[in-house]
There are 2 protein chains.
Amino acid sequence: MTRRPPRAAPRRAGKGDAPGRGDPRQRPAVRRAQPVDGLRGRTGSRGRPRPEALSELGGDQVEGRRAVLELLTVGRRAVRRVLLAEDQDPSPQLDRIEELAGRLRVPVETVPRARLDAKARTESPQGVVALARPLDPVPLEELCRPDRAGTPAFLLVAAGITDPRNLGALLRSAECAGVRGVVLPRHRSARLSPTGAKTAAGAIGHLSFAVVGGVPAALSDLRDLGVWSIGLAGESAQSLYELPLGEGPVALVVGSEEKGLAPLVRKRCDAIAAIPQHGALPSLNVGVAGAVACFEVARQRSAAGSRPPG
Amino acid sequence: MTRRPPRAAPRRAGKGDAPGRGDPRQRPAVRRAQPVDGLRGRTGSRGRPRPEALSELGGDQVEGRRAVLELLTVGRRAVRRVLLAEDQDPSPQLDRIEELAGRLRVPVETVPRARLDAKARTESPQGVVALARPLDPVPLEELCRPDRAGTPAFLLVAAGITDPRNLGALLRSAECAGVRGVVLPRHRSARLSPTGAKTAAGAIGHLSFAVVGGVPAALSDLRDLGVWSIGLAGESAQSLYELPLGEGPVALVVGSEEKGLAPLVRKRCDAIAAIPQHGALPSLNVGVAGAVACFEVARQRSAAGSRPPG
């Protein structure tokens with residue numbers, strides 16, 4: 001199960017961002033920055049998605065000092081308002097949040113601690129809540145292009161992670177390892193809730209997200225787009241370390257916490273591999289397994305040195 | 001900073017398990033299963049540690065289905081009692097917990113949910129709390145021996161992790177990567193609290209722990225015992241991947257969440273290395289960084305194949 005797909009030029013429209021199982025030829029070509037698939041049914045008359053459609057991906061409320069600081073630093077998304085709890089001890093992070101908000105002309109409101117905590121949707125907002133424009137999903141194709149430096153695509157497919165903390169932790173690690181695009185299924189997946197965004201420690205602002213109706217179809221599309229998909233499955237006899245991960249565009253596919261990869265997802269991956277285990281416990285946490293795999297891709301890419309994009 | 005220490009035969013007593021900075025010659029040789037250093041002051045007249053001394057390491061209350069199941073499966077520690085909440089949906093994990101407890105003659109009490117939740121010290125005990133004998137620390141020397149298969153020691157030094165969730169998550173990952181011994185400082189470190197034990201998902205039962213008065217002294221002892229210590233520091237120019245981690249006994253040293261490695265700890269490590277980062281975020285979560293490093297040791301060990309113990 002370790003076939004490498006033939007390199008293919010990115011198509012303009014693919015099944016991965018198609019709403020159902022109909023004939024893809026009947027659907028319009030995907031345009032940059034257009035919301036993907038199922039969201040289309042809820043876009044307004046000018047093709048601009050309505051807020052309730054966009055908010056499907058989440059990211060509209062960000063809590064915690066590190067996550068809010070990163071949101072303001074990245075500056076890719078409009079921030080509507082920052083709420084700070086009164087009577088906090090001085091902190092360089094809080095100073096920096098106020099300074100950045102001022103520079104970006106984002107209103108900062110100091111509110112009683114009780115009001116902030118009532119507004120917060122995580123357990124420990126650390127006295128800071130930011131209200132931002134929700135994240136815009138992008139078409140799958142957009143994730144598959146090399147970056148400006150010519151580095152081949154490096155994607156993470158979170159195929160059914162349901163705990164927002166696990167998803168957030170994995171996104172943070174993936175971003176550090178060089179992942180730039182994330183594929184999330186519309187259903188049975190955690191969203192970028194305040195808890196997920198806080199755990200991600202600002203990673204969501206540096207990543208691009210595609211939301212897909214079905215992961216199996218998206219994996220077929222990735223293959224057509226020249227991206228090699230590797231599913232992580234603890235019981236596989238194939239060691240991840242023996243796969244050539246450092247060459248060309250790759251997508252790591254991580255299954256759900258309880259059930260791992262669904263049968264059809266597993267079938268559509270180009271390779272299935274395990275991180276060899278050396279302990280008595282049955283398995284790694286899903287976020288950690290994903291992190292170890294992402295860093296293995298990064299290690300192999302560094303070892304392979306600079307190559308032309310795949 | 002990548003010197004390898006000369007191999008040395010394990011000493012019978014060392015500074016690392018000495019209570020202070022006094023003359024080590026005045027202290028008795030360390031015996032097997034004796035609690036280490038500072039705990040000695042609180043041992044009873046027969047040299048058996050009193051419960052309050054042992055409980056310093058924690059592990060006396062374990063919560064959550066996976067952690068309790070692993071506690072009973074390992075069977076290395078006496079379990080006094082298992083509490084189950086009434087009115088839980090049937091679950092194979094709960095069945096297995098009851099079955100194992102029955103086999104081990106551990107009393108199982110079914111109690112109202114409110115009573116269980118009142119007893120619980122984690123947010124979500126998942127209807128299960130086990131009361132067990134606290135973990136016994138072991139002398140540092142004991143952690144440094146090859147295992148029965150002749151595999152050289154593989155240690156983790158958690159030098160100041162203060163969040164029990166981070167510590168628990170790191171212990172789980174480390175166990176999966178093949179770590180067998182963990183060094184914890186007595187002060188300014190999370191303990192194996194119910195939260196830590198739950199996050200560790202049963203790993204604490206498979207690991208041996210040494211509690212040390214000071215990490216710098218323990219690192220000197222590790223060097224004398226022939227264990228190579230590698231401190232993780234994100235800003236280091238030395239890539240972890242370029243170090244020969246697959247040969248001989250190693251100890252990975254992970255610093256605190258906020259401040260990383262303390263200056264004296266850093267100075268005493270045989271090597272300081274970073275996991276190369278490829279993203280925009282400033283750093284990985286400490287537990288994930290430790291996990292990635294542990295699995296790099298495991299990868300290099302597998303690649304090196306079977307060698308005689310170092």
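Every chain is numbered from 1 and lettered A, B, ... according to where its sequence line falls, protein lines coming before strand lines.
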Residue part contacting chain A, namely of [X], when any heavy atom lies under 4.5 Å:
X: B/Ala293; result: neither
X: B/Ala177; result: backbone
X: B/Glu70; result: side chain
X: B/Ile275; result: side chain
X: B/Phe295; result: both

Indicate whether any N or O donor in one side chain lies under 3.5 Å from an N or O acceptor in the other, for B/Ser193 and B/Lys198.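 Absent: no donor and acceptor within the cut-off.
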Say you draw a straight line from [atom1] of [X] to [atom2] of [Y]; how long is it, rounded to the nearest 0.5 Å?
X: A/Arg65; Y: A/Ile97; atom1: CZ; atom2: CD1; answer: 7.0 Å
X: B/Leu245; Y: B/Arg299; atom1: CG; atom2: CZ; answer: 9.0 Å
X: A/Leu143; Y: A/Ser208; atom1: CG; atom2: OG; answer: 6.0 Å

Considering residues, nucleotides and ligands other than B/Glu258, do more than 12 of their heavy atoms fall under 6.0 Å from its CD? no
Give a yes or no on whether A/Arg188 atom CZ has more than 12 heavy-atom contacts from other residues, nucleotides or ligands under 6.0 Å away. no
Using a 4.5 angstrom heavy-atom cutoff, name the option from B/Leu281, B/Val288, B/Val292 with the most pairs to chain A.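 If we count pairs closer than 4.5 Å to chain A, B/Leu281 comes out on top.
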Taking every non-hydrogen pair under 4.5 Å, which of B/Gly202, B/Pro276, B/Ser283 racks up the most with chain A? B/Ser283
For chain B, which of A/Cys176, A/Gly279, A/Ala280 has the most heavy-atom pairs under 4.5 Å? A/Cys176
